[in-house]
Amino acid sequence: KQEVTQIPAALSVPEGENLVLNCSFTDSAIYNLQWFRQDPGKGLTSLLLIQSSQREQTSGRLNASLDKSSGRSTLYIAASQPGDSATYLCAVRRGGADGLTFGKGTHLIIQP
Amino acid sequence: GAVVSQHPSRVICKSGTSVKIECRSLDFQATTMFWYRQFPKQSLMLMATSNEGSKATYEQGVEKDKFLINHASLTLSTLTVTSAHPEDSSFYICSAAKPLGDYGYTFGSGTRLTVV
(Lines give C-alpha, C1' and ligand atoms only; values in the text may rest on other atoms or scores of the structure.)
Protein backbone atom coordinates (compact mmCIF):
# COMPACT_ATOMS: atom_id res chain seq x y z
CA LYS A 1 0.00 0.00 0.00
CA GLN A 2 1.36 3.38 -1.01
CA GLU A 3 2.30 5.74 1.81
CA VAL A 4 3.22 9.37 1.34
CA THR A 5 5.17 11.28 3.96
CA GLN A 6 5.78 15.01 4.03
CA ILE A 7 8.49 16.70 6.03
CA PRO A 8 8.38 19.05 7.83
CA ALA A 9 4.83 18.98 9.13
CA ALA A 10 5.01 22.71 9.81
CA LEU A 11 7.37 25.49 8.90
CA SER A 12 7.50 29.17 9.81
CA VAL A 13 10.02 31.43 8.11
CA PRO A 14 10.48 35.14 7.51
CA GLU A 15 9.48 36.64 4.21
CA GLY A 16 12.05 36.46 1.43
CA GLU A 17 13.61 33.13 2.33
CA ASN A 18 13.98 30.28 -0.08
CA LEU A 19 12.60 27.02 1.25
CA VAL A 20 12.28 23.35 0.46
CA LEU A 21 9.38 21.04 1.23
CA ASN A 22 9.98 17.31 1.12
CA CYS A 23 7.77 14.44 0.04
CA SER A 24 8.60 10.74 0.05
CA PHE A 25 6.58 7.77 -1.13
CA THR A 26 7.05 4.08 -0.49
CA ASP A 27 6.07 2.60 -3.87
CA SER A 28 8.08 3.97 -6.77
CA ALA A 29 5.63 2.60 -9.36
CA ILE A 30 3.81 5.87 -9.90
CA TYR A 31 2.13 7.47 -12.90
CA ASN A 32 2.70 11.02 -11.76
CA LEU A 33 3.10 13.25 -8.73
CA GLN A 34 1.19 16.43 -8.06
CA TRP A 35 1.79 19.26 -5.61
CA PHE A 36 -1.20 21.19 -4.31
CA ARG A 37 -1.86 24.16 -2.14
CA GLN A 38 -4.76 24.16 0.33
CA ASP A 39 -5.95 27.28 2.11
CA PRO A 40 -7.90 26.88 5.37
CA GLY A 41 -11.36 25.45 4.76
CA LYS A 42 -10.86 25.58 1.02
CA GLY A 43 -10.35 23.20 -1.85
CA LEU A 44 -7.08 22.32 -3.52
CA THR A 45 -5.17 24.35 -6.05
CA SER A 46 -2.84 22.40 -8.28
CA LEU A 47 0.66 23.87 -8.33
CA LEU A 48 2.79 21.46 -10.33
CA LEU A 49 2.36 18.10 -11.99
CA ILE A 50 5.36 15.88 -12.70
CA GLN A 51 4.95 12.85 -14.92
CA SER A 52 6.87 9.72 -13.94
CA SER A 53 9.27 10.21 -16.85
CA GLN A 54 10.10 13.79 -15.86
CA ARG A 55 12.67 15.04 -13.39
CA GLU A 56 11.32 18.48 -12.61
CA GLN A 57 8.73 21.13 -13.36
CA THR A 58 8.82 24.87 -12.83
CA SER A 59 6.15 27.50 -12.49
CA GLY A 60 7.15 31.00 -11.49
CA ARG A 61 8.84 30.86 -8.10
CA LEU A 62 8.04 27.18 -7.68
CA ASN A 63 10.17 24.28 -8.75
CA ALA A 64 9.36 20.65 -8.09
CA SER A 65 11.73 17.75 -8.62
CA LEU A 66 11.07 14.04 -8.78
CA ASP A 67 13.42 11.15 -8.12
CA LYS A 68 11.14 8.22 -8.74
CA SER A 69 13.67 5.51 -8.04
CA SER A 70 14.32 6.81 -4.55
CA GLY A 71 10.70 7.75 -3.93
CA ARG A 72 11.32 11.44 -3.32
CA SER A 73 10.07 14.79 -4.48
CA THR A 74 10.90 18.28 -3.34
CA LEU A 75 9.05 21.54 -3.78
CA TYR A 76 11.30 24.57 -3.84
CA ILE A 77 9.77 27.98 -3.17
CA ALA A 78 11.95 30.95 -4.00
CA ALA A 79 11.69 34.36 -2.37
CA SER A 80 8.79 33.40 -0.15
CA GLN A 81 5.93 35.86 0.41
CA PRO A 82 3.21 36.07 3.08
CA GLY A 83 0.70 35.06 0.41
CA ASP A 84 2.47 31.72 0.15
CA SER A 85 1.17 30.82 3.61
CA ALA A 86 -0.95 27.69 3.21
CA THR A 87 -0.79 23.93 3.56
CA TYR A 88 1.15 22.24 0.77
CA LEU A 89 0.13 18.73 -0.18
CA CYS A 90 1.99 16.13 -2.16
CA ALA A 91 0.03 13.37 -3.90
CA VAL A 92 0.96 10.44 -6.10
CA ARG A 93 -1.09 8.58 -8.66
CA ARG A 94 -0.38 4.89 -9.24
CA GLY A 95 -2.05 4.51 -12.62
CA GLY A 96 -3.65 6.68 -15.25
CA ALA A 97 -7.19 6.05 -14.01
CA ASP A 98 -6.43 5.88 -10.30
CA GLY A 99 -7.18 8.30 -7.51
CA LEU A 100 -4.47 10.05 -5.54
CA THR A 101 -2.66 9.11 -2.35
CA PHE A 102 -1.90 12.20 -0.31
CA GLY A 103 0.59 13.10 2.35
CA LYS A 104 -0.56 14.95 5.46
CA GLY A 105 0.90 18.18 4.18
CA THR A 106 3.31 20.86 5.29
CA HIS A 107 1.70 23.82 7.03
CA LEU A 108 3.69 26.84 5.92
CA ILE A 109 3.64 30.27 7.52
CA ILE A 110 5.56 33.13 5.95
CA GLN A 111 6.10 35.93 8.43
CA PRO A 112 5.86 39.47 7.02
CA GLY B 1 -9.16 25.31 -18.30
CA ALA B 2 -10.64 22.58 -16.16
CA VAL B 3 -13.16 23.76 -13.59
CA VAL B 4 -14.89 21.56 -11.04
CA SER B 5 -17.77 22.98 -9.06
CA GLN B 6 -18.91 21.44 -5.76
CA HIS B 7 -22.08 22.28 -3.90
CA PRO B 8 -22.94 22.99 -1.14
CA SER B 9 -19.82 24.42 0.45
CA ARG B 10 -21.21 23.97 3.95
CA VAL B 11 -24.08 21.95 5.31
CA ILE B 12 -25.38 21.19 8.77
CA CYS B 13 -27.79 18.33 9.21
CA LYS B 14 -29.38 16.39 12.00
CA SER B 15 -28.38 12.86 12.92
CA GLY B 16 -30.30 10.30 10.95
CA THR B 17 -30.95 12.46 7.92
CA SER B 18 -29.33 12.23 4.48
CA VAL B 19 -27.25 14.83 2.70
CA LYS B 20 -26.44 15.06 -0.99
CA ILE B 21 -23.28 16.71 -2.30
CA GLU B 22 -22.91 17.56 -5.99
CA CYS B 23 -19.75 17.67 -8.05
CA ARG B 24 -19.87 19.12 -11.56
CA SER B 25 -17.26 19.45 -14.26
CA LEU B 26 -18.14 22.78 -15.86
CA ASP B 27 -16.04 22.91 -19.01
CA PHE B 28 -15.20 19.32 -19.76
CA GLN B 29 -16.71 15.86 -19.65
CA ALA B 30 -15.47 13.61 -16.89
CA THR B 31 -16.00 9.90 -17.23
CA THR B 32 -14.33 9.44 -13.88
CA MET B 33 -14.60 11.49 -10.72
CA PHE B 34 -13.16 10.82 -7.29
CA TRP B 35 -14.47 11.49 -3.81
CA TYR B 36 -12.20 12.18 -0.84
CA ARG B 37 -12.70 12.82 2.84
CA GLN B 38 -10.46 14.85 5.11
CA PHE B 39 -10.61 14.80 8.89
CA PRO B 40 -8.99 17.65 10.86
CA LYS B 41 -5.20 17.64 10.62
CA GLN B 42 -5.31 14.48 8.50
CA SER B 43 -4.55 13.86 4.87
CA LEU B 44 -7.19 13.52 2.22
CA MET B 45 -8.33 9.92 1.94
CA LEU B 46 -9.78 8.51 -1.24
CA MET B 47 -13.27 7.17 -0.59
CA ALA B 48 -14.43 6.03 -3.98
CA THR B 49 -14.03 6.28 -7.71
CA SER B 50 -17.16 7.35 -9.56
CA ASN B 51 -17.57 6.08 -13.10
CA GLU B 52 -20.18 7.47 -15.47
CA GLY B 53 -22.87 4.92 -16.19
CA SER B 54 -21.58 2.24 -13.85
CA LYS B 55 -21.26 1.46 -10.18
CA ALA B 56 -18.74 3.30 -8.08
CA THR B 57 -15.65 1.56 -6.78
CA TYR B 58 -15.19 2.01 -3.04
CA GLU B 59 -11.94 1.94 -1.11
CA GLN B 60 -11.48 -0.60 1.63
CA GLY B 61 -13.30 0.39 4.79
CA VAL B 62 -15.77 2.76 3.11
CA GLU B 63 -19.39 1.67 3.50
CA LYS B 64 -21.01 1.74 0.10
CA ASP B 65 -24.51 1.66 1.57
CA LYS B 66 -23.78 4.70 3.66
CA PHE B 67 -22.00 6.74 1.02
CA LEU B 68 -24.10 6.47 -2.12
CA ILE B 69 -22.44 7.66 -5.30
CA ASN B 70 -24.26 8.34 -8.52
CA HIS B 71 -22.56 9.40 -11.75
CA ALA B 72 -25.50 9.69 -14.10
CA SER B 73 -23.95 12.05 -16.61
CA LEU B 74 -20.53 13.01 -17.91
CA THR B 75 -20.59 16.24 -15.92
CA LEU B 76 -22.22 15.33 -12.63
CA SER B 77 -21.43 13.01 -9.77
CA THR B 78 -23.28 13.05 -6.46
CA LEU B 79 -22.34 11.73 -3.03
CA THR B 80 -25.18 11.08 -0.62
CA VAL B 81 -24.36 10.51 3.02
CA THR B 82 -27.24 8.43 4.33
CA SER B 83 -28.38 8.25 7.94
CA ALA B 84 -25.69 10.70 8.92
CA HIS B 85 -24.02 10.49 12.32
CA PRO B 86 -21.76 13.00 14.08
CA GLU B 87 -18.72 10.88 13.19
CA ASP B 88 -19.51 11.53 9.50
CA SER B 89 -18.74 15.20 10.09
CA SER B 90 -15.82 15.94 7.82
CA PHE B 91 -14.60 17.81 4.77
CA TYR B 92 -15.65 16.07 1.57
CA ILE B 93 -14.05 16.99 -1.73
CA CYS B 94 -14.33 15.71 -5.27
CA SER B 95 -11.97 15.74 -8.21
CA ALA B 96 -11.97 15.00 -11.91
CA ALA B 97 -9.54 14.95 -14.78
CA LYS B 98 -9.89 16.13 -18.31
CA PRO B 99 -9.60 13.15 -20.64
CA LEU B 100 -7.11 12.87 -23.45
CA GLY B 101 -4.31 14.60 -21.68
CA ASP B 102 -2.06 14.56 -18.66
CA TYR B 103 -3.49 17.59 -16.99
CA GLY B 104 -3.60 16.17 -13.51
CA TYR B 105 -6.67 16.28 -11.36
CA THR B 106 -8.76 19.36 -10.67
CA PHE B 107 -10.53 19.58 -7.36
CA GLY B 108 -13.78 21.12 -6.28
CA SER B 109 -13.86 23.59 -3.42
CA GLY B 110 -15.06 20.99 -0.93
CA THR B 111 -18.05 20.58 1.37
CA ARG B 112 -17.85 20.95 5.12
CA LEU B 113 -20.43 18.59 6.60
CA THR B 114 -21.44 18.96 10.23
CA VAL B 115 -23.86 16.44 11.71
CA VAL B 116 -25.54 17.54 14.93
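Reminder, nothing fancy here: chain letters follow the sequence lines and each chain counts from 1.
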* Between A:Gln38 and chain B, which part of the residue has a heavy atom less than 4.5 Å away: side chain, backbone, both or neither? -> side chain
* Asked: Among A:Thr45, A:Leu89, A:Leu44, who wins on heavy-atom pairs under 4.5 Å with chain B?
  -> A:Leu44
* Between B:Tyr92 and B:Phe67, how do the two ring planes meet: parallel, tilted or perpendicular, split at 30° and 60°? -> tilted
* **Region of A:Ala91 that comes under 4.5 Å of a non-hydrogen atom in chain B** => neither
* **With A:Gln54, the side chain to side chain donor-acceptor pair (under 3.5 Å) member among A:Gln51, A:Gln57, A:Glu56** => A:Gln57
Exercise answer: donor-acceptor pairs, residues 99-112 of chain A side-chain atoms, under 3.5 Å, sequence neighbours excluded:
residue: A:Thr106; atom: OG1; partner: A:Pro8; partner atom: O; Å: 2.5
residue: A:His107; atom: ND1; partner: A:Thr87; partner atom: OG1; Å: 3.4
residue: A:Gln111; atom: NE2; partner: A:Ser12; partner atom: OG; Å: 2.5

* Structure fact -> Comparing B:Leu46, B:Leu44, B:Val4 against chain A, the one with the most heavy-atom pairs below 4.5 Å turns out to be B:Leu44
* Residue pair B:Ile93 / B:Gln6, side-chain heavy-atom distance below 4.5 Å -> yes
